[in-house]
Structures are given as C-alpha cells and as structure tokens.
Amino acid sequence: MQGFPKSQRLLRHSDFRKVYSEGRRHFGPHMTVFYRTRKEAPSASWRVGFTVGKVLGGAVARNRIKRRLREAVRLSVQSRLGGADVVIHPKRSVLESDFSALRSEIERAFEAIERCLEKEKLTKPR
RNA sequence: CAGUCGGGCCGGACGGCCGCUCGCUACGCUUCAUCGCGCAGAGAGAGGAAAGUCCGAACUCCGCAGAGCAGUGUGCCGGAUAACGUCCGGGCGGCUGAUGUGAAGAUCAGCUGACGGAAGUGCCACAGAAAACAUACCGCCCCAGGUUGGCUUAAGACCCUUUUGCUUUGCGGAAGGGUUUUGGGUGGUUUGGGGUAAGGGUGAAAAGGUGCGGUAAGAGCGCACCGCCGUCUCAGUAAUGAGGCGGGCAGGGAAAACCCCACACGGAGCAAGACCAAAUAGGGAGGGAGCUUCGGCUUCUGCCGGGGCGCGUGCUGGCUCGGUGCGCUAAACCUUCGGGUAGGUCGCUAGAGCCAUGCAGUAAUGCGUGGCCCAGAGGAAUGGUCGUCCUGCUGGCAACAGCAGACAGAAUUCGGCUUAUAUGGUCCGGCUGCCUC
RNA sequence: GUGAGUGUAGCUCAGUUGGCAGAGCACCGGGUUGUGGCCUCGGUGGUCGAGGGUUCAAGUCCCUUCACUCACC
C-alpha cells in the first residue's frame, strides 16, 4: 500500500472508546495494539489510530513517535482486511529503536489481527 | 595573538524516491444546482525562543445613572508607542578599574540599581552604659567636707651616735639618725554639689569626618577642608547641577512591615462568540365528525340563531347524585414549533505584516516610496529513507572509517519580558597579558 | 485558556510580630533479657526544590525559575 490518507485514520473520541470497550489486545515489545471489527460497516477499509500520552515525553518526542509509527504502518501493512479498527499504544522505545524493527513488528501484529478476525467472521454467521 | 566580561546576528547546506495537510486549476462520479467523493498538475508548509504564561493590547460577548470606598498594580525626569511593569535618552546613587591625594573629596571609563514619602502605628534578637521625645551609668575635670598607719616640707619636743668647748657624775654648741605633735602641699579613698560629652570591651548601626588651636577637663567652643540644612541667582522642558549668602548642624535603619501620596484599572476569555443541526428525554401549540341549507352581522376570514342529513356511545381516568351532553381536561397517539446536546460550518489568518531604500531624530521611533504574500491543523499536517558536502570529536602517517550536530513543535493574532540552548560559529566594544613597529 | 496549592531529616509532617531548624517513626550505641521483641537512656542525620534580591540577619519578605498536585470552562 502506498498512501495513508486521513480517512483511514481513527480520529473520533467515540471510535476510540468503542475499540477499548469492545475490542481485543495484542502485545508487542514496542507497543500494545487494540482492535475490533466494524459491525456497522464491515465492507469498509480498516482504520488505525494512535494514542500518545504525556507520559511518553514532550511535544517533540510525541510528534516523532506518531510520525514514525504512521510511516511504519504505511509501508508495512499489505493486508486487505476490511472493517477493522486498530488503536496502537506505543512505548517510549519507539523513539530510539530501528525503523526496520518497527516495521517487522507491525507486520506481525497485523498478521495476527487478520487471523483472529477471519476466525471471528467464520464462526459468527453460524 | 591569547584570556576574560558584556552585547548583536546565525540556528548546518544541497539533492533523489515514497508519503501527509492546505488552498488553486483541470477532469471524472453524484446532484436540478451547490456540496461531497476520487484522481492529476504546478505551488506552500514550525521557532528564536513556537516554551513558560509574567505583563500589555487587538478582537468577541456580557455589564454599565453618578460619585466615593475597598482591592490590585505602577512609582527619579523627559521621550517613544495602540498599550505596557517594555524600549530610548538624561539625572542621581552603588560597585569595579584608571588618574590623582598624606587620607578623603575630585575627574574619566565600564557595569549596575523595585530609584516617591520616615508624618503616624509597630519592629530593631544577642551584646552593650545607652537602640531612638536621648540622656541616666562608668570615666574625665572643678569646688566643699570627712578619712588616711603613703610621700614631701616647715616649726617644736624627746632620744641615740660622733665630734668639740667649758666651771667636767654635768651643761652648751655643731653634724647625722630615729620617734612623735601641729600646719601646709601632694596622692589614695569616700560623700555632696557642679561642669562635660573627648573616651567606654559591644554591635549591622551610637547624634557630622580629618587636622590645628583652645580648655580645669572638654565640647563646632574657634578655624581650614569636606559633608549637611535653609535661601537667592544662573543653566536646564524636568529630574538635577553650579555659584553666592546665611546657619555651627536639624538628622538612626527599615516602607521587598502596616501605611501615606500620585497615577492607572468594569468582568470574562477563540472551549470568546455567530450560524446549521441528528438520536433520546423534556417544553409550547394544534388535532380527533362533521357536512349542508336559511336568516342576521361583517370589507374578507368568520361569528350567532333555526332546520335537515350522517357517524358514534369512541381502548382509559377526572370534572356533575345518576343518565344524556358532536362539552372541558389529563394521559397515550399523530402533526408541528422553538431551545439545545453529539456533530458540522464560520471566527482563521493581509497583519500595529515582511524586504529594500530615502528623510527627520542622539536614540527608541516616526513619515514616505517601491516590491512581496509568507503555515492554518483540529486524536491535531510539516515526515520516512538514501546520497553528496559542512562543523566538531575519536582512531589512523595518509586515503578513510565511526560517532555527534543543541534547546525544542505553531493552535485566535500581535508588542514585550523571562527561561532553555552544541567543549557551536561569527561580528562589535571594554579590560588584562605577551610579541612587533 | 484561567485559577489555586505543595516542596523542610531515609518516611510522615510542625515551624509568624524575620534572630535556636524541630516532633514522631526509622537508623546507630548502651541498659534490661538465657536470646530476640517490647520498654528505657543517649546519639547521628538538613545545599529548608533552585537562583537572585531586600535586610545587620531569610525556612519566613520580594522577584525569577523547576517539579508535582488539584479545580473550572
């Protein structure tokens, strides 16, 4: 995938709340990923949001974390899974770690999400 | 040249590929048309502090008869400015350095200062005689008295020693020594009266400073220089300064204790505020069986009275003892209205703007001319990666390799202040040291 | 955006007309006990968040700054 426009970002507070209350989690060394299916629009494309709190540093550090994560998601995610909302909670190590490591971790996380959601889709309609 | 202090400016440079946000242009889808969505092109896209939120304004809404009090802030003078607690210039004080002096005062340069007022209330621990209407204490000096077993002196008396004369158990003279009485001087001690404020270990601070004279002792008591107060003249817009005259001299610190004086200040803040507006809940209004004919009133809509036809006892409760009552009312239902939440749009970037330059002004700054458009997000864009170069450090003879490049991210917009910034770079000024002419 | 508060010993906190830096727990040593605890006696321990200023003198007064906490729209 090439672009990462704003329509594929998770921007609303209510969307974040839905992901936290209804979703599942996946843990990695640099981040924690929350995700859920979009029941109201299953055919739409996936969306990703980032939560970077004040604990992670000043405005410069927070901006840098968000930008690196956004770029890693843009370059890494190849999947065509539809109707998923994903929220990424990064850790402080994102600021210093290698960019390739960030990419591989995000790839792994999305593969896991894809497997899980496929299973849900298969089991639910019955 | 090096070091140090103060200030100004800069805040790594260029490029390839792939992305993000914004507005512009063109095309496609949708639509009556906008709007919206997609895609392409050429553009733009963090700072000197964007930070802290310490001041001041613009802008918006609310409030507002006038005056006073309270509260908060500011505080040498003049100017700049939209305004300011900011800036510029000046004055005065402090510190440092140099010149100079016996020492001060003085002159020059740099840095620096919350720099109105000590009238009122309160405070100044410890130490110290005394800490704020100054005088009490010690001390110094004078006078008077008492006392003294000190020293000295005069006179008298007595005793001893030596010597000498005579009338020789004695008497007299001279010298020396001792004891004692009286008087004087001086000193000690003490009492009373008076004169003083020079001195008194202290303390942060002690009622002008230094020197000479003067005095019983002292003292601005007198004098010289310096400081201080008052007044006059001159210079200056003023703060203030200079000079003359007069006065021997008032007066501690602290107002960043309360306070007094002068001046300023309505409150809230872009989450201000304006518009559009779902779902849910609640509020207001209306609805339910009327239709038709005749007469009257009326500009019309419509209202009143009489007659005819039709439906129904409406799914509930209350208003009349019961019934009737095309009566009222509540709930439910339906329609509709406005407020308003989520959400969206505007406010939102052309401005006390930037660049160049001329004139006025010591300067801050003002006036003019020409050119330019320079971020506008909203869970919040300005990025990722690669390459070349620059600066510094490390390793290496070198080529080169590795590492590092700070502080920090617009959020309504400006003017300031403060703080953070690489063994950073560069420029200017002061001081010190060394070298050369 | 606006407003308020806190910072003192290892921990929890006192400290006002500005003049000695304190309490409890903890720690160390002695006593008590066969040993330990409890108890008792004594002691160590402070850049008063940081930097300036006012003052003779600052934990205290003033200014700047840092960190943390809370409240409101």
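Atom set for the values below is all heavy atoms of this structure, side chains included, hydrogens, waters and symmetry mates excluded. Keep in mind it's a predicted model, so treat the numbers as computed, not measured. Every chain is numbered from 1, with letters handed out A, B, ... down the list of sequences.
- Here A:Glu105 pairs with nothing under the salt bridge (Lys or Arg N to Asp or Glu O under 4.0 Å) rule; sequence neighbours left out.
- With its glycosidic angle more than 90° from 0, B:rU190 adopts the anti conformation.
- Protein atom CG of A:Leu56 is 15 Å distant from nucleotide atom P of B:rG409, rounded to whole Å.
- If you look at A:Tyr35 and A:His26, their ring centroids are not closer than 6.0 Å.
- The glycosidic torsion of B:rA106 lies more than 90° away from 0, which places this base in the anti conformation.
- Judged by atom type and distance alone, A:Glu71 does not reach the base of B:rG19 through any side-chain donor-acceptor pair under 3.5 Å.
- B:rC142 and B:rU215: their P atoms are spaced 15 Å apart (whole Å).
- Residues A:Ile88 and A:Pro90 share a closest heavy-atom pair of O-CD, 3.4 Å.
- Here the nucleotide nearest the side chain of A:Phe99, chosen from B:rU385, B:rA46, B:rG379, is B:rU385.
- Rounded to whole Å, the C1' atom of B:rC59 lies 9 Å from the corresponding atom of B:rU412.
- Nucleic acid contact for A:Arg64: sugar-phosphate only, since backbone atoms but no base atoms lie under 4.0 Å from a heavy atom of the residue.
- In the interface, the side chain of A:Arg67 is paired with the base of B:rG409 through a donor and an acceptor atom under 3.5 Å apart.
- Per the stacking criterion (ring centres < 5.5 Å, plane angle < 30°), A:Phe50 does not stack onto the base of B:rG379.
- Closest to the side chain of A:Arg74, out of B:rG378, B:rG19, B:rG379, is B:rG19.
- Look at C:rG43: its glycosidic torsion is beyond 90° from 0, and that puts it in the anti range.
- Relative orientation of the A:Phe34 and A:Tyr20 rings is perpendicular, given thresholds of 30° and 60° on the angle between their planes.
- If you check B:rU385, B:rG379, B:rC18 against the side chain of A:Arg68, the one that comes closest is B:rU385.
- In this structure, of B:rG379, B:rG378, B:rG409, it is B:rG409 that holds the atom nearest to the side chain of A:Val60.
- B:rG48: glycosidic angle within 90° of 0, hence syn.
- Mapping A:Thr51 and A:Ala59 onto RNA chain B by nearest heavy atom places A:Thr51 at the nucleotide closer to the 5' end.
- Nucleotides B:rC354 and B:rC10 have their P atoms positioned 14 Å apart, rounded to a whole Å.
- Of the C1' atoms belonging to B:rC212 and B:rU147, the separation is 44 Å, rounded to the nearest Å.
- The nucleotide whose nearest atom lies closest to any side-chain atom of A:Arg70 is, among B:rG378, B:rG379, B:rU382, B:rU382.
- With sequence neighbours left out, A:Arg92 forms a side chain to side chain contact (heavy atoms under 4.5 Å, CB included) with A:Leu56.
- For A:Pro5, the listed nucleotide lying nearest its side chain is B:rU21; candidates were B:rG384, B:rU21, B:rG379.
- Atom pair A:Lys6:NZ and B:rG379:P shows a separation of 8 Å (rounding to whole Å applied).
- In this structure, the nucleotide among B:rA46, B:rG383, B:rG378 sitting nearest to the side chain of A:Asn63 is B:rA46.
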